[in-house]
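Every value quoted in this text rests on a predicted model; they were computed, and no experiment measured them.
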Amino acid sequence: AANQIESLKVYYQDENGNYDEDSLTSAINQYYGYNSIEEFQAALKLNYLRNKAVEDYAKSQVTDSEIKKYYKNEVVGDREISHIQIIPEVTDTMTDDEKEAAEEEALATAKSIIASLKKGEKFEDLAKEYSDDDSTKDSGGSLGFINKGDYGSDEFDDEAFSLEIGKYSTTPVKTEDGYEILYVTDEKDKAELDDVKDDIIEELSNQMLEEDATLQITALEELRKDNGVDIIDDEINTDYKDYMNKLYESAKASNSSN
């Protein structure tokens, strides 16, 4: 919470460039409804602790069998990959027909590169000549050793980690940026389970929270029970249960709409 407040301070300065506390307090009141920086900081801390409790609960629900299954099916060794990227020459001022034509031209270029590969031309030479990735083309399109998620494209990963070692793409891979032609040259052994277990648990727990919004309510309820927090007043207890039930039903509805 303190770090978040410090990061906000740089945006609220007086005409001399000095931190203006009144300006920050006013903004906090306007956007968040708190009357002081201290109130806002306390709310940030509470929100952090609440989120931490939910994350810890979700992690506790991940089973050993789920961890082993994820390790077997999803964890892979780093692969040495080169690519040729072809980006359609599209601008905001183009008509839809012009954009479509640029897209088709990029696809045709990518297909012609694959045809050249099949004829025996070297991948690195074609990358230097045709790739639109200026950061890698001079090195023959080399991305070095990478793993899933490093490139930031699911389509890229699907291709990169399904190709056999020593093989290249025989069909252009469509991504948000354009078209990719990949070449896998080497692969390392994947990490031992113990070395990646924490990362797997975090990934699986995040998936659980994304797929089931009710987990957040259940987690806070379990936290209350674990700490022996009981509501003695019958009226307050009834209001609390009604409130939590409404939250739970809202979360269930959210699950159904996703």
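- The nearest pair of heavy atoms linking L193 to I67 is CD1-CG2, 4.0 Å.
- The number of heavy atoms from other shown groups lying within 6.0 Å of CD (E105) does not exceed 12.
- With contacts defined as side-chain heavy-atom distances shorter than 4.5 Å, the pair P172/L107 qualifies.
- The heavy-atom pair separating E187 from R79 by the smallest distance is OE2-NE, 3.2 Å.
- Geometrically, K174 engages Y179 in a cation-pi contact defined by less than 6.0 Å to the ring centre and at most 45° from the axis.
- L8 and Y31 end up in the same hydrophobic cluster when Ile, Leu, Val, Met, Phe, Trp and Tyr side chains are linked at under 4.5 Å.
- Proximity of a side-chain donor or acceptor of D78 to a complementary backbone N or O of K188 within less than 3.5 Å is not detected.
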List the steps and the verdict of ring-ring contact (aromatic ring centres under 6.0 Å, His included) for F40 and Y32. CA-CA 8 Å; F40 182 54; Y32 301 102; 4.8 Å; yes
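- For the residue pair Y151 / E180, a side-chain donor-acceptor distance below 3.5 Å is found, with atom types taken as modelled.
- The shortest distance between side-chain heavy atoms of Q13 and D20 does not fall below 4.5 Å.
- Judged purely by atom type and a 3.5 angstrom limit, S205 uses its side chain to pair as donor or acceptor with the backbone of E202.
- A donor-acceptor pair shorter than 3.5 Å can be found between the side chains of D212 and T214.
- Using modelled atom types, one finds no donor on one side chain facing an acceptor on the other under 3.5 Å when comparing S131 with Q85.
- Rounded to the nearest 0.5 angstrom, D134 CG and D132 CG are separated by 7.5 Å.
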Please assess K167 against V184 for the test side chain to side chain contact (heavy atoms under 4.5 Å, CB included), listing each intermediate value before the final yes or no. CA-CA 6 Å; K167 301 292 185 180; V184 181; over 6 Å; no
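- Here the CG atom belonging to L49 is positioned 9.5 Å from the NZ atom belonging to K52, to the nearest 0.5 angstrom.
- In terms of modelled atom types and a separation under 3.5 Å, the side chain of S7 and the main chain of Q4 share a donor-acceptor contact.
- Surrounding OH of Y240 are more than 12 heavy atoms belonging to other residues, nucleotides or ligands, all under 6.0 Å away.
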Output, in order, the C-alpha distance, side-chain angles, deciding distance and verdict of side chain to side chain contact (heavy atoms under 4.5 Å, CB included) for Y34 and N29. CA-CA 5 Å; Y34 297 103; N29 179 259; over 6 Å; no
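- Separation of atoms CD1 (I236) and CD1 (I231) is listed at 7.5 Å; rounding is to 0.5 Å.
- Comment: E6 engages K9 in a salt bridge, judged by a side-chain N to carboxylate O separation of less than 4.0 angstrom.
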Show your reasoning for whether side chain to side chain contact (heavy atoms under 4.5 Å, CB included) applies to Q61 and M208. CA-CA 9 Å; Q61 301 305 298; M208 291 169 61; 3.4 Å; yes
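- A distance of 9.5 Å separates CD of E21 from OG of S36, quoted to the nearest 0.5 Å.
- In this structure, N255 contributes its side chain and A213 its backbone to a donor-acceptor pair below 3.5 Å.
- Annotation for D234: atom CG does not count as buried by contact number, only 12 or fewer foreign heavy atoms lying within 6.0 Å.
- Heavy-atom contacts from other residues, nucleotides or ligands closer than 6.0 Å to CG of N227 number more than 12.
- Hydrophobic clustering keeps I165 apart from Y183 (ILVMFWY residues linked when any side-chain heavy atoms are closer than 4.5 Å, directly or through intermediates).
- For the atom pair CG of D157 and CG of L182, the computed distance is 9.5 Å after rounding to the nearest 0.5 Å.
- For D92, the CG atom sits in a loose shell: 12 or fewer heavy atoms of surrounding residues, nucleotides or ligands are nearer than 6.0 Å.
- Side chain of D199 to main chain of V196: no donor-acceptor pair is present (N/O by atom type, distance under 3.5 Å, no hydrogens or angles).
- Within a 6.0 Å sphere centred on CD of E66, other residues, nucleotides and ligands contribute more than 12 heavy atoms.
- Within the 4.5 Å cutoff, the side chain of I86 has heavy atoms near those of the Y130 side chain.
- Counting only heavy atoms from C-beta outward, the side chains of Y168 and I113 never approach each other to under 4.5 Å.
- Judged by distance alone, the side chain of D186 and the main-chain N or O of E80 form no donor-acceptor pair under 3.5 Å.
- Between Y19 and L24 the shortest heavy-atom distance is OH-CD2, 3.6 Å.
- For D133 and S135, the side-chain atoms include at least one donor-acceptor pair closer than 3.5 Å.
- If you chain together hydrophobic residues whose side chains sit under 4.5 Å apart, L209 and Y57 fall into the same group.
- The two residues P88 and A102 make their nearest non-hydrogen contact at CB-O, 3.9 Å.
- At least one side-chain heavy atom of L204 sits under 4.5 Å from a side-chain heavy atom of Y70.
- Note on L215 and I217: separate hydrophobic clusters, where clusters join Ile, Leu, Val, Met, Phe, Trp and Tyr whose side-chain heavy atoms are under 4.5 Å apart, directly or indirectly.
- The number of heavy-atom neighbours closer than 6.0 Å to CG of D189, taken from other residues, nucleotides and ligands shown, is 12 or below.
- Side-chain atoms of Q207 and E211 form no donor-acceptor pair, as typed in the model, at a separation below 3.5 Å.
- In this structure the side chain of Y248 reaches within 4.5 angstrom of the side chain of T218, judged on heavy atoms.
- No donor-acceptor pair closer than 3.5 Å links the side chain of E103 to the backbone N or O of K99.
- Between K68 and D64 there is no salt bridge, since no side-chain N of the basic residue sits under 4.0 Å from a carboxylate O of the acidic one.
- In this structure, L117 and L126 have side chains that are in contact, with non-hydrogen atoms separated by less than 4.5 Å.
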Kindly determine whether I181 and F123 satisfy side chain to side chain contact (heavy atoms under 4.5 Å, CB included), including the steps that lead there. CA-CA 10 Å; I181 302 164; F123 192 97; 3.9 Å; yes
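- A salt bridge between E221 and R224 is present, with a side-chain N of the basic residue lying under 4.0 Å from a carboxylate O of the acidic one.
- Here the closest heavy-atom approach between residue K190 and residue V75 is recorded as CD-O, 3.1 Å.
- Listed for the N245 side chain is a donor-acceptor partner under 3.5 Å among the backbone atoms of K241.
- In this structure, CD1 on I28 lies 8.0 Å from OH on Y12, to the nearest 0.5 angstrom.
- Looking at L143 and H83, their side chains come closer than 4.5 Å, going by heavy atoms from C-beta outward.
- Residues G77 and F161 share a closest heavy-atom pair of O-CE2, 3.7 Å.
- There is a side-chain donor-acceptor pair under 3.5 Å between E159 and S169.
- A continuous path of Ile, Leu, Val, Met, Phe, Trp and Tyr side chains, each step under 4.5 Å between heavy atoms, connects L44 with V10, placing both in one hydrophobic cluster.
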